Amino acid sequence: GTFLIKKWTDRMKGIQSLRKAMKFTWNHGYLFEMIGIAFMDAKMYEEVVAEFQKANDKLYQGKNLHYYWGFCLEKLQRKQEAISKYQLSEKSTPFLTSYKRNKACVLYYISVGNYELAIQECDLVISLNELIYAYFNKAIALFCQDKINEGVEAFSCAYAKLPKVYPKVI
């Protein structure tokens, strides 16, 4: 109880300090992003979205802004808006955006035995950016459900997308 109250109080003091710093800097977009991240740590997702919108309005282009924005929109059950932000994030950090999201979600869903959500997550990432690891993760989730044929199919899709490293031997 007391530790959590102190942690929350410290976080709010940090946000107040960032707001005060706006008087002394031209880079308000960065500060709005930092305030949003502080709110995200407090799981105050509506506030995060508002701060990220302010950063965006200042034409701030932080490399993780749209990724975190999408994450918060997803937490608020605003899936289509989240996908839109993830797609914007893909333009600036294509591999990291999908990789971070997919790896964290899929490993969590598999660890709690929710294989269907793991597969849905993989399908979403495949639709955003057909990265190989999403197919591998999907295969793992399918194998965990004893859906061997579907798992082999997902694995085959991943394998087909691997770069051809070794020349063919004739």
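Predicted model, so just to flag it, every value in this text is computed and none were measured.
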Applying the side chain to side chain contact (heavy atoms under 4.5 Å, CB included) test to Phe39, which of Glu46, Met34, Glu51 qualifies?
->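 So the option named by the test is Glu51.
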Assess whether atom NZ of Lys75 is packed by more than 12 heavy atoms of other residues, nucleotides or ligands within 6.0 Å.
-> no
Within-4.5 Å side-chain heavy-atom neighbours: [X] and [Y]:
X: Val49; Y: Glu81; result: no
X: Ile37; Y: Phe52; result: yes
X: Met40; Y: Phe71; result: yes
X: Ile119; Y: Gln145; result: yes

State the [atom1]-[atom2] distance between [X] and [Y], to the nearest 0.5 angstrom.
X: Lys79; Y: Leu124; atom1: NZ; atom2: CG; answer: 5.5 Å
X: Trp69; Y: Glu33; atom1: CH2; atom2: CD; answer: 11.0 Å
X: Leu31; Y: Lys20; atom1: CG; atom2: NZ; answer: 14.0 Å

Single-linkage hydrophobic cluster, 4.5 Å side-chain cutoff, Val152 and Ile126 together | no
Tell me the closest heavy-atom pair linking [X] and [Y], and the distance in Å.
X: Tyr115; Y: Ala141; result: CB-O, 4.0 Å
X: Cys122; Y: Lys138; result: SG-N, 3.4 Å
X: Ala139; Y: Phe155; result: CB-N, 3.9 Å
X: Phe143; Y: Ile148; result: CE2-O, 3.6 Å
X: Leu65; Y: Tyr60; result: CD2-O, 3.9 Å
X: Cys72; Y: Tyr45; result: SG-CD2, 3.6 Å

Taking 4.0 angstrom as the limit, do Glu116 and Lys147 come out as a salt bridge?
-> yes
Side-chain H-bond candidate by donor/acceptor type, Glu153 with Asn149, under 3.5 Å =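 Note: Glu153 and Asn149 side chains miss the donor-acceptor criterion.
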Determine, step by step, whether Asn56 and His66 satisfy the side chain to side chain contact (heavy atoms under 4.5 Å, CB included) criterion, reporting the C-alpha distance in whole Å, the side-chain angles of both residues, the deciding distance to 0.1 Å, and the verdict.
-> CA-CA 9 Å; Asn56 193 61; His66 289 102; 3.8 Å; yes
Mind telling me whether Phe32 and His28 have parallel, tilted or perpendicular rings, with 30° and 60° as the class edges?
-> tilted
